Amino acid sequence: AQRVTQPEKLLSVFKGAPVELKCNYSYSGSPELFWYVQYSRQRLQLLLRHISRESIKGFTADLNKGETSFHLKKPFAQEEDSAMYYCALDPVFGKGTKLTVNP
Amino acid sequence: DTGVSQDPRHKITKRGQNVTFRCDPISEHNRLYWYRQTLGQGPEFLTYFQNEAQLEKSRLLSDRFSAERPKGSFSTLEIQRTEQGDSAMYLCASSLPLLEQFFGPGTRLTVL
């Protein structure tokens, strides 16, 4: 069965600082991994998926099959990045990390 | 198409009553998912369908929960004999296989 672990429940950084949200997974097959974001009072929405290898809002994520990780990174955090971030291995979601970017 | 819709948006019920929620997915999406989310937690997987077939059901889902998608379009989630611990946001999402999920606004259930 799939399992997704996001070890940090809360993450706080200052504007302009780099940010990394960790995600580890457990799955015997070929993983289809996603990052979703939920801004305050909004629906969950896709941020990016590993298969597309694109950068959305400055975020990137690299699949590391050896370490079974799919960490989300952004070199310079912005205040509008403050939100809940969920790593997902379809159909299972991690418990999420609340990112706060301070001015 | 306006996206995934859910009805009702809010439901307040007394313990022991049955409740039913409806989800209308994006029309061309053949996958439909149900999740439960409590405050500060991630979406907890309940079940999902591909067309009308229920492909997977969480072991966490008690026998009081049942979901249907009779014609491969809309879906219903029924909770029988509700308990206070069932109070949560119930989310529905739809997708094409292996592609991103599109989420509905959720149904907030309060069991008194």
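Below, each value reflects all heavy atoms present in this structure, side chains not excepted, and no hydrogens, waters or symmetry copies. Order of the sequence lines sets the chain letters (A, B, ...), proteins ahead of strands, with each chain counted from 1. All figures in this text were calculated on a predicted structure; none of them were measured in a lab.
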Co-membership, hydrophobic cluster, residues A:L48 and A:L89, 4.5 Å side-chain
yes
Which value, rounded to the nearest 0.5 Å, describes the distance between A:K95 atom NZ and B:Q37 atom CD?
11.5 Å
Can you name the closest pair of heavy atoms from A:P91 and B:Y33 and give their distance?
CB-CE2, 3.6 Å
Between B:P43 and A:G94, what is the shortest heavy-atom contact and its length?
CD-O, 4.4 Å
For B:G104 against A:R43, the heavy-atom pair lying closest together:
CA-NH1, 3.6 Å
Proximity breakdown for B:Y35 and chain A, heavy-atom pairs closer than 4.5 Å
side chain
Honestly, the part of B:E44 sitting under 4.5 Å from a heavy atom of chain A is neither
Hydrophobic clusters here meaning ILVMFWY residues chained together by side-chain heavy-atom distances under 4.5 Å, can you tell me if A:V37 and A:L72 are in one?
yes
B:L98 vs A:D90, side-chain contact (heavy atoms from CB on, under 4.5 Å): CA-CA, chis, key distance, verdict:
CA-CA 8 Å; B:L98 303 182; A:D90 197 323; 5.8 Å; no
What I'd like to find out is whether the side chain of B:Q101 reaches to under 4.5 Å of the side chain of A:Y36, using heavy atoms alone.
yes
Taking the six-membered ring for Trp, are the ring centroids of A:F93 and B:F103 within less than 6.0 Å of each other?
yes
If you group Ile, Leu, Val, Met, Phe, Trp and Tyr by side-chain heavy-atom gaps below 4.5 Å, do B:L46 and B:M89 land in one group?
no
Same hydrophobic cluster for B:V111 and B:W34, using side-chain heavy-atom links shorter than 4.5 Å among ILVMFWY?
yes
What part of A:Q38 lies closer than 4.5 angstrom to a heavy atom of chain B: side chain, backbone, both or neither?
side chain
So for atom CD, which belongs to A:E67, do other residues, nucleotides or ligands contribute more than 12 heavy atoms lying within a distance under 6.0 Å?
no
Has B:L39 got more than 12 heavy atoms of other residues, nucleotides or ligands less than 6.0 Å from its CG?
no
Side chain from CB out, backbone as N, CA, C, O: work out which of these in A:K9 comes under 4.5 Å of a heavy atom of chain B, or both, or neither.
side chain
How long is the span from the CG atom in A:L44 to the CD atom in B:E100, to the nearest 0.5 Å?
12.0 Å
Same hydrophobic cluster for A:L99 and A:Y39, using side-chain heavy-atom links shorter than 4.5 Å among ILVMFWY?
yes
Atom group of A:E32 that falls short of 4.5 Å from chain B, counting heavy atoms
side chain
B:K57 atom NZ, over 12 foreign heavy atoms within 6.0 Å:
yes
Measuring heavy-atom distances to chain A, does B:L99 have an atom under 4.5 Å in its side chain, in its backbone, in both, or in neither?
both
Taking atom CD as the centre, does B:E78 end up with more than 12 heavy-atom neighbours from other residues, nucleotides or ligands that are less than 6.0 angstrom away?
yes
